[in-house]
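Order of the sequence lines fixes the chain letters, A, B, ..., with proteins taken first and strands second; residue numbering starts at 1 for each chain.
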Amino acid sequence: MTDKIIEAVLKAVDDSFGVKTQISLVKADPKFGDYATNVAFQVAKDIGKSPPETAEAVIAKLDLGDAGSAEQKGGFINIKLSDSALASELNQATLLPKIGEHKLALVEFGDANPFKDMHIGHLYNTIVGDGISGLFEAYGFSVKRLSYHGDVGLHVAKWIYGVGSEIDFDPTKFTEALSSGGDDPLGYFYARGEKAYTESDEAASKIKEINKHIYAQDDPKINEIYRLGKETSFEQFDKIFALLGVHYNKRYLESETASIGKKLVEENIGKVFEKSQGAVIYEGEAEGLHTRVFITSNDLPTYETKDLGFAVAKDKDYPNAQKSIIITANEQSDYFAVMLAALSKIKPNLAKVTVHLGHGFLSLKAGKMSSREGNVYTAQTLIDEVKKAVETLYPDSPAKHDIYISALRYELMKHKLGSDIVFDINESISLEGNSGPYILYAHARARSILKKSDKQPSPQNKFEPAERRLAIAICGFRQAADEAFEGLKPHTICNYLFGLAGEFNSFYETNRVIGDDREEIRLKLISAYAEILKTGLGALNIPAPEKM
RNA sequence: GCGCCCGUAGUUCAGGGGAUAGAACGUCGGCUUGCGGAGCCGAAGGUCGCAGGUUCGAUUCCUGCCGGGCGUACCA
């Protein structure tokens with residue numbers, strides 16, 4: 001509908017002044033109209049008239065058909081949708097264009113490294129990734145959720161050193177050693193190795209030696225400890241993914257992509273890469289980037305090389321993806337710019353569809369959780385805390401699971417990606433304010449009203465002012481969703497839903513539904529409202545139970 | 001040093017050339033014998049970091065500065 005209006009306005013501008021331009025339609029202050037455009041300001045100067053005169057002239061030529069009417073105020077052209085146009089809009093308010101039909105999108109996220117903790121940053125990353133995946137699915141894409149893990153590299157050697165020095169590198173003592181690492185053996189032994197690495201040269205060289213054995217796989221004891229540690233790690237990761245309801249299509253490992261990438265880099269030395277000080281590097285300065293090492297002077301591939309191999313591996317498994325999104329913390333943004341620059345010279349078609357999406361740093365609001373000083377909070381700890389808080393606040397709810405999942409997911413997606421965010425557990429589970437449970441409650445309440453009535457929702461071509469206001473708000477979904485999808489900004493959906501719920505509560509406060517003369521049309525509004533809440537939450541993979 | 005991101009109410013955050021800069025939390029004051037009050041209405045609270053520039057119009061774009069985060073050759 002808005003497309004048709006924009007078209008009509010542009011035609012009127014062209015007819016009046018022979019000017020071709022571009023405009024957007026914004027939601028107007030309700031006292032002025034439903035939508036507004038400032039096109040008169042844009043063209044007024046060129047045609048030598050004041051904005052109000054220009055707007056009047058445009059309106060004189062404007063043919064909106066039965067879509068609505070327009071009037072000028074202070075240079076703005078305010079458009080009011082006709083009731084019939086609004087009614088038909090309302091009927092298709094939940095529909096999103098299936099522009100991804102028969103198209104494939106790859107989304108990579110949740111790349112926690114085995115042998116290390118899955119901390120709250122990984123949790124954030126995982127939820128954002130699954131949300132972006134859901135958004136693409138809502139627009140009809142077939143989405144493959146992929147994870148990628150650094151199962152080789154110095155951090156692994158540090159961990160093996162940490163545990164190995166305790167059990168004298170005897171794999172049979174591994175299980176016993178795990179229990180001595182407390183409730184978080186992975187983090188515990190990694191921290192030990194890390195400490196030794198920085199504090200002792202002897203340990204550092206031993207760790208580097210272990211690292212070589214890991215790549216070469218030529219030491220049976222190290223191989224076995226490695227296998228056990230990796231198994232333990234992924235068991236933990238899978239437990240968390242299952243808790244969150246995240247379903248991956250495929251897990252990739254750096255140990256698999258390393259050789260593919262290394263071959264690719266070696267083939268392109270002198271073309272894309274240069275040798276320097278014994279290492280193989282990519283010089284990005286000419287493109288405004290920086291230089292990065294792809295193969296070390298010890299002849300080991302770095303993360304960048306493995307990522308090149310990963311791009312190829314993904315393409316082999318899922319050829320012709322229209323979009324490949326990589327989601328990481330934004331500390332890796334510059335890194336990805338270099339990696340993608342190198343990729344664009346080797347596999348331009350792959351680089352073209354690849355987008356890196358960076359998110360900010362997640363911290364927790366100071367509270368009881370900060371008692372574990374010096375520790376990074378693990379994903380599991382935060383999940384447990386939120387779950388526990390939900391059980392206390394909603395002891396009788398039949399939907400506790402959905403509530404705590406929604407609390408987590410909503411809280412992490414309601415902020416614009418890229419900025420650092422502070423997670424407040426109490427706020428995340430509260431029914432007051434901009435929270436997941438608030439939206440869930442709004443949805444459950446609407447469903448309950450619909451269930452209670454014995455009449456059927458029925459559209460009508462005439463709205464009372466309060467009804468049309470709600471209807472307009474409901475029809476805003478499409479725009480919010482498009483913005484979220486096109487700009488990879490899930491938070492626009494959260495903010496929209498929160499605003500919509502506020503509109504509804506305000507409406508519901510003074511407009512009786514059941515038993516009113518206008519029950520059918522109001523039920524229609526409520527049903528559309530409930531569907532929008534469910535669809536919007538669903539697009540971000542947030543559950544919306546019927547009761548809570 | 002250089003590069004990228006960020007500075008909006010007491011706090012957490014939206015907005016991102018255009019009509020009076022918004023919301024939530026917190027504070028204060030009202031409403032409620034009704035469909036889920038877990039709500040609604042209202043008040044107080046802002047030099048949109050500072051200074052220039054572009055523009056009919058700048059919180060928004062540009063430049064500089066101040067403050068913060070991240071990155072910046074062999075970690076990921």
Can you tell me the distance, in whole Å, between the CD atom of A/E285 and the P atom of B/rG1?
19 Å
Round to a whole Å and report the spacing from CG of A/L300 to P of B/rA73.
19 Å
What is the nucleic acid contact for A/N38, judged by heavy atoms within less than 4.0 Å: base, sugar-phosphate only, or nothing?
base
Step by step, work out the salt bridge (charged side-chain N to carboxylate O under 4.0 Å, His left out) result for A/R522 and A/D516.
CA-CA 9 Å; A/R522 289 180 181 173; A/D516 192 270; 3.5 Å; yes
Check this for me: does the side-chain of A/S297 come within 3.5 Å of the base of B/rC74 through a donor and an acceptor?
yes
Quick check with a 6.0 Å cut-off and a 45 degree axis cone: is A/K195 positioned over the face of A/Y197's six-membered ring?
no
Take A/R447 and A/T37, find for each the nucleotide of RNA chain B with the closest heavy atom, and name the residue whose nucleotide sits nearer the 5' end.
A/T37
Say we look at B/rA73 and B/rG3: how far apart would their P atoms be, to the nearest angstrom?
15 Å
Here the pair of heavy atoms bringing A/P437 nearest to A/S406 is N-OG, 3.9 Å
Could you state the atom-to-atom distance from CG of A/D420 to P of B/rG67 in whole Å?
19 Å
What nucleotide among B/rG39, B/rC35, B/rA14 has an atom nearest to a side-chain atom of A/S419?
B/rA14
Could you tell me the Watson-Crick or G-U partner of B/rC70, where both distances fall under 3.5 Å? Say none if there is no partner.
B/rG3
Heavy atoms under 4.0 Å, any strand shown: does A/K116 hit a base, just sugar-phosphate, or nothing?
nothing
Counting Watson-Crick and G-U wobble pairs only, both distances under 3.5 Å, name the nucleotide matched with B/rC56, or none.
B/rG18
Looking at the side chain of A/A279, which of B/rU72, B/rC74, B/rC35 is the nearest nucleotide?
B/rC74
Cation-pi check, A/K400 onto A/Y394 ring (under 6.0 Å, within 45° of axis):
no
Can you name the nearest heavy-atom pair linking A/F234 to A/P114, along with the distance?
CZ-CG, 4.0 Å
From the list A/F504, A/Y438, A/Y410, A/Y441, ring-ring contact (aromatic ring centres under 6.0 Å, His included) partner of A/F498 resolves to A/Y438
Of B/rG36, B/rC74, B/rU12, the nucleotide closest to the side chain of A/H415 is B/rU12
If the C1' atom of B/rG18 is compared with that of B/rA76, how far apart are they to the nearest Å?
46 Å
Need one value for A/N211: base, sugar-phosphate or nothing, where a base atom within 4.0 Å counts as base even if backbone is also close, heavy atoms only.
nothing
A/V422 side chain: which of B/rA76, B/rC13, B/rC40 is closest?
B/rC13
Below 3.5 Å, does any donor atom in the side chain of A/K31 face an acceptor in the base of B/rU20, or the other way round?
yes
Pairwise C1' distance for B/rC41 and B/rG46, with rounding to whole Å
23 Å
Tell me what A/A444 touches on the nucleic acid: a base, only sugar-phosphate, or nothing, going by heavy atoms under 4.0 Å.
base
What is the nucleic acid contact for A/N78, judged by heavy atoms within less than 4.0 Å: base, sugar-phosphate only, or nothing?
base
Measuring only the P atom in each nucleotide, how far is B/rC25 from B/rA21? A whole number of Å is fine.
22 Å
Any base atoms under 4.0 Å from A/S506, or only sugar-phosphate, or nothing? Heavy atoms, all strands.
sugar-phosphate
Determine if A/F32 stacks with B/rA19; use a centre-to-centre distance below 5.5 Å and an interplanar angle below 30° as the criteria.
yes
Atom C1', compared across B/rG37 and B/rU32: separation rounded to whole Å
7 Å
Across every strand shown, the nucleotide meeting Watson-Crick or G-U wobble geometry with B/rG64 (both distances under 3.5 Å) is B/rC50
Determine the Euclidean distance between corresponding P atoms of B/rU11 and B/rU27; express it in Å to zero decimal places.
16 Å
Between B/rA76 and A/H149, is there an OP1 or OP2 to side-chain N/O distance shorter than 4.0 Å?
no
Would you indicate what A/A446 reaches in the nucleic acid, counting non-hydrogen atoms under 4.0 angstrom: base, sugar-phosphate, or nothing?
nothing
Under 4.0 Å between a side-chain N or O of A/R445 and OP1 or OP2 of B/rG37?
yes
If a protein heavy atom is under 4.0 Å from the base, mark B; if only from the sugar-phosphate, S; if neither, -; do that for nucleotides 24-32 of chain B going 5' to 3'.
SS-------
Residue closer to the 5' end of RNA chain B, A/G74 versus A/Y394 (nearest nucleotide)
A/G74
Answer with base, sugar-phosphate or nothing: what part of the nucleic acid does A/Q332 contact at a heavy-atom distance below 4.0 Å?
base
Residues A/I127 and A/R409: closest non-hydrogen pair is CG2-CA, 3.8 Å
Side-chain N,O (A/T296) to OP1/OP2 (B/rC74) below 4.0 Å
no
Say you pick atom C1' in B/rC6 and the same atom in B/rC50; how far apart are they, in whole Å?
16 Å
Closest non-hydrogen atom pair, A/S147 against A/G110
CB-O, 4.3 Å
Grab the OH-C1' distance between A/Y529 and B/rG36 for me, whole Å please.
12 Å
Hey, does the side chain of A/K306 come within less than 4.0 Å of B/rA76's phosphate (OP1/OP2), counting only N and O?
yes
Please name all residues satisfying ring-ring contact (aromatic ring centres under 6.0 Å, His included) with A/F507, sequence neighbours left out, ordered by chain then number.
none
If I take atom CG in residue A/D29 and atom C1' in nucleotide B/rG22, what distance separates them, rounded to the nearest angstrom?
12 Å
Heavy atoms from C-beta onward define the side chain here; which of B/rG15, B/rC13, B/rA76 lies closest to that of A/I421?
B/rC13
Regarding the side chain of A/K45, the nearest nucleotide among B/rU55, B/rG36, B/rA76 is B/rU55
Here the pair of heavy atoms bringing A/V58 nearest to A/F17 is CG2-CE1, 3.8 Å
Taken to the nearest whole Å, CD1/A/I281 to C1'/B/rU72 is 14 Å
Which atom names give the shortest non-hydrogen contact between A/M548 and A/L440, and what distance separates them?
SD-C, 3.5 Å
Measure from NE2 on A/H155 to P on B/rC75 and round the result to the nearest Å.
13 Å
Which base, if any, makes a Watson-Crick or G-U wobble pair with B/rG36, both distances under 3.5 Å?
none
Assign A/L289 to base, sugar-phosphate, or nothing according to its heavy-atom contacts below 4.0 angstrom with the strands shown.
nothing
Please work out if A/S453 contacts a base, only the sugar-phosphate, or nothing of the nucleic acid, heavy-atom cut-off 4.0 Å.
nothing
Base of B/rG3 paired with side chain of A/D334 (donor-acceptor, under 3.5 Å):
yes
Counting Watson-Crick and G-U wobble pairs only, both distances under 3.5 Å, name the nucleotide matched with B/rC28, or none.
B/rG42
Can you list the steps and then say if A/Y252 with A/E256 is a side-chain hydrogen bond (donor to acceptor under 3.5 Å, both in side chains)?
CA-CA 7 Å; A/Y252 289 84; A/E256 303 160 347; over 6 Å; no
Whole-Å distance separating the OH atom of A/Y441 from the P atom of B/rC40:
10 Å
Using the C1' atom as the point on both nucleotides, what is the distance between B/rG26 and B/rC70, in whole Å?
32 Å
